[in-house]
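Below is one structure, written out as structure tokens; comments come after it.
These figures come from a predicted structure and were not determined experimentally. Every heavy atom of this structure was used, including side-chain atoms; hydrogens, water molecules and symmetry mates were not.
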Amino acid sequence: MDEAPLRAVVIGSGVGGAAAALLLAHAGIPTLLVEKERRLGGSSAAYERDGFRVDTVTHMLGCGEQGPLGDVLRRVGQGDAITFQQSDEPAALCFTGARAGAARARRVVLQADLLRLAGTALDLARGLDLTPLEAAGAARLFAHAAAMRDVDLAACDDVTAEAYVARFIPRAAAAARLGGLLGLPLLLPGAEASAGEALFSLRRLARAGRQRYPEGGASRIPEVFCRLARELGAAVWTGATVRRVLVRDRRVQGVELEDGTALPARIVVSAAGLLRTVSGLVGEPHFPDAYVARVRAIAPQPRLVEVKIGLRKRLVPAGALAGLAGGAGAPAFPFYCLAPTRFDPSLAPPGHELLCACAVPGGSGGASRGGPGATVDELLRALSAAVPGVLSQAIFVDGSSADGEAGAPGGELASGTAQTPGQVGRARPAVYTPVRGLYLAGRAAGGRGAGMDLAASSAMECVDRILLDLGRDLGAPAPPALIDIAGDLLGRAAGSTASWLTRR
């Protein structure tokens with residue numbers, strides 16, 4: 001094959017791939033996005049059932065236009081292309097297993113204000129059955145987290161959420177339960193989640209105030225990104241599978257599709273996952289042995305235990321619920337439930353409600369690493385305690401899990417890189433690779449944060465690196481907004497004050 005033209009091929013149309021394609025097209029690089037499915041979106045796609053528009057994966061609430069998703073749109077001059085709705089009800093924590101045999105959940109309303117996070121600690125302490133001394137430790141923890149600078153967060157990257165909590169609450173069972181809650185944004189047990197990354201995600205959400213969800217559902221984001229990319233001249237192909245990435249002398253030459261079509265390109269951005277890209281699409285012989293060994297050692301984001309429930313009426317008094325479930329002597333496990341219809345009622349028939357819930361795989365609120373995780377039935381029991389009447393009002397229940405339990409169309413996050421110690425911050429896989437012209441985007445490499453925000457952050461980092469490698473001038477970074485500066489100073493001041501008041 002002769003020298004490939006300056007063209008970019010993006011593999012995968014999830015948030016990371018779609019954002020990368022949009023940013024590349026905006027930079028004036030001829031771009032083709034290739035998606036193997038007939039519909040766009042990857043893990044952010046949706047399916048229709050009984051008048052409901054259901055996300056294939058349970059998504060964490062994000063920062064909307066104030067976070068990386070909005071940053072992508074602003075970079076291309078389309079800041080208002082996606083509407084992010086806010087729920088009138090704040091998020092809440094539910095505890096169904098702190099005391100054995102609890103039939104109904106105790107609820108703690110989360111303050112949508114960074115300055116009031118420390119005040120939430122008292123209600124949280126009650127929900128976790130902490131002693132007065134442990135409650136003071138929880139207050140100190142939240143105050144400390146609110147006052148952290150970026151360098152302080154980075155110092156916690158290689159500490160698990162559970163170990164971080166243990167600095168303030170030594171009792172193992174209590175540290176495990178609170179650590180499990182801190183790990184929820186990363187969809188990992190507290191004994192595995194990076195404390196630095198978890199605190200970064202929670203701080204970003206707190207500073208954004210009320211949480212946001214895209215009007216039209218999660219699938220709206222990659223759909224709009226792809227539409228805008230097309231308007232800038234990019235091509236978007238669905239139902240086309242990339243068989244392999246063509247490489248010669250450790251330099252990308254293009255891609256080959258399943259039908260044998262060869263597409264020359266000097267740039268390939270893969271959102272298909274790190275291991276699948278290296279071992280499957282490219283082939284390990286094209287990489288240095290040390291790089292291959294690192295890729296093989298990376299722990300992937302585990303698949304989720306999930307349920308999607310269509311309800312005849314609205315039952316959830318919050319935009320999202322998170323908490324610990326268990327009871328009857330069983331170890332607690334973290335769970336999360338999003339009510340998309342609290343943000344956009346059009347996602348369900350009038351008066352109905354949609355719930356998308358997941359349980360952290362391997363999470364057991366104190367069980368050993370890799371211990372047994374939740375099942376679909378356990379997740380349903382937790383939801384029944386948190387939302388009384390949820391099953392009696394259900395029109396449908398779609399369930400799926402890593403154990404292969406039956407369910408409707410569903411996505412999974414196994415192509416992502418788990419945000420554990422040794423795999424975040426400076427240790428996170430880079431968006432560039434030893435193969436010249438091959439880059440990574442999405443939840444597998446680069447970026448910080450959680451969920452769709454992480455994927456968008458990764459895409460921006462990826463395209464910035466591509467442009468630098470092409471010799472483009474990225475210009476001076478935009479100065480931080482005054483509201484961000486004020487929020488940081490006020491948050492640190494409030495956190496320092498609360499830390500002083502709750503010190504031993």
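- Residues E284 and S279 bring a donor and an acceptor atom of their side chains to less than 3.5 Å of each other.
- A salt bridge between R220 and D344 is absent, with no side-chain N of the basic residue lying under 4.0 Å from a carboxylate O of the acidic one.
- No side-chain N or O of E35 forms a donor-acceptor pair with one of T238 less than 3.5 Å apart.
- Between D469 and R266 there is no salt bridge, since no side-chain nitrogen of the basic residue lies less than 4.0 Å from a carboxylate oxygen of the acidic one.
- At distances below 3.5 Å, at least one donor-acceptor pair connects side-chain atoms of R74 with backbone N or O atoms of E65.
- The shortest distance between side-chain heavy atoms of R39 and T56 falls below 4.5 Å.
- Side chain of R203 to main chain of M148: a donor-acceptor pair is present (N/O by atom type, distance under 3.5 Å, no hydrogens or angles).
- In terms of heavy-atom proximity, A459 sits nearest to A441 at CA-CB, 4.3 Å.
- Heavy-atom contacts from other residues, nucleotides or ligands closer than 6.0 Å to CG of D289 number 12 or fewer.
- Under a 4.0 Å N-O distance rule, the pair R53/E223 qualifies as a salt bridge.
- The closest side-chain heavy-atom distance from Y47 to D398 is below 4.5 Å.
- A salt bridge links E231 to R227: at least one charged side-chain nitrogen sits closer than 4.0 Å to a carboxylate oxygen.
- Between Y164 and H144, the ring planes lie tilted relative to each other; the angle falls in the 30° to 60° range.
- Residues S44 and P222 come closest through the heavy atom pair CB-CG, 4.0 Å.
- With sequence neighbours excluded, the residues forming a salt bridge (charged side-chain N to carboxylate O under 4.0 Å, His left out) with E256 are R243, R244, listed by chain and number.
- Taking OH of Y213 as the start and CG of L338 as the end, the distance is 5.0 Å to the nearest 0.5 Å.
- Put simply, the side chain of T160 gets close to the backbone of A163: a donor and an acceptor are under 3.5 Å apart.
- The side-chain heavy atoms of L468 and L470, taken from C-beta on, include no pair separated by under 4.5 Å.
- Of the possible donor and acceptor atoms, one in the side chain of D259 sits under 3.5 Å from a partner among the backbone N and O of T261.
- To the nearest 0.5 Å, the span separating CG on L355 from SG on C337 amounts to 4.5 Å.
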Set out, in order, the CA-CA distance, both residues' side-chain angles and the distance that settles ring-ring contact (aromatic ring centres under 6.0 Å, His included) for F84 and F343, then state yes or no. CA-CA 8 Å; F84 292 91; F343 300 86; over 10 Å; no
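- Contact annotation: the side chain of L257 approaches that of V34 to within less than 4.5 Å [non-hydrogen atoms, C-beta and beyond].
- A salt bridge is absent between R75 and D71: the closest approach of a Lys/Arg side-chain nitrogen to an acidic carboxylate oxygen does not fall below 4.0 angstrom.
- Side-chain contact between I267 and V9 is absent, with no heavy atoms from C-beta onward closer than 4.5 Å.
- Salt-bridge annotation for R342 and E353: present, with a side-chain N of the basic residue lying under 4.0 Å from a carboxylate O of the acidic one.
- One finds the OG atom of S201 at 8.0 Å from the CG atom of L454 (value rounded to the nearest 0.5 Å).
- Tested against R448 for a salt bridge (Lys or Arg N to Asp or Glu O under 4.0 Å), the candidates D453, D157, D150 yield a single pass: D157.
- In terms of modelled atom types and a separation under 3.5 Å, the side chain of Q301 and the main chain of L186 share a donor-acceptor contact.
- Qualifying salt bridge (charged side-chain N to carboxylate O under 4.0 Å, His left out) partners for R7, counting only residues two or more places apart in sequence or in other chains: none.
- Contact detail for L187 and C358: the closest heavy-atom pair is CD2-SG, 3.9 Å.
- Side-chain contact between C356 and L354 is present, with at least one heavy-atom pair separated by less than 4.5 Å.
- In this structure, Y432 places its OH atom where only 12 or fewer heavy-atom neighbours from other residues, nucleotides or ligands lie under 6.0 Å away.
- Here E197 does not pair with R428 in a salt bridge; the nearest charged N to carboxylate O distance is not below 4.0 Å.
- Taking every heavy atom of both residues into account, I82 and P214 meet most closely at CG2-CB, 4.2 Å.
- A donor-acceptor pair under 3.5 Å links the side-chain atoms of E378 to the main chain of T375, judged by distance alone.
- Using a 4.5 Å heavy-atom threshold, the side chains of V360 and F335 count as separate.
- Here the OG atom belonging to S270 is positioned 4.5 Å from the CD1 atom belonging to I11, to the nearest 0.5 angstrom.
- Taking CG of L324 as the reference point, atom CG of L184 lies at 7.5 Å (rounded to 0.5 Å).
- In this structure, OG1 on T58 lies 8.5 Å from OH on Y336, to the nearest 0.5 angstrom.
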Evaluate side-chain contact (heavy atoms from CB on, under 4.5 Å) for K36 paired with V242, printing each intermediate quantity in order. CA-CA 7 Å; K36 65 179 181 179; V242 173; over 6 Å; no
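- Under the 3.5 Å distance criterion, the side-chain polar atoms of S13 are matched with a main-chain donor or acceptor of G41.
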Solution key, residues 18-28 side-chain donor-acceptor pairs under 3.5 Å, sequence neighbours excluded:
none

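- Using modelled atom types, one finds a donor on one side chain and an acceptor on the other under 3.5 Å when comparing S43 with R443.
- Counting only heavy atoms from C-beta outward, the side chains of L188 and P302 approach each other to under 4.5 Å.
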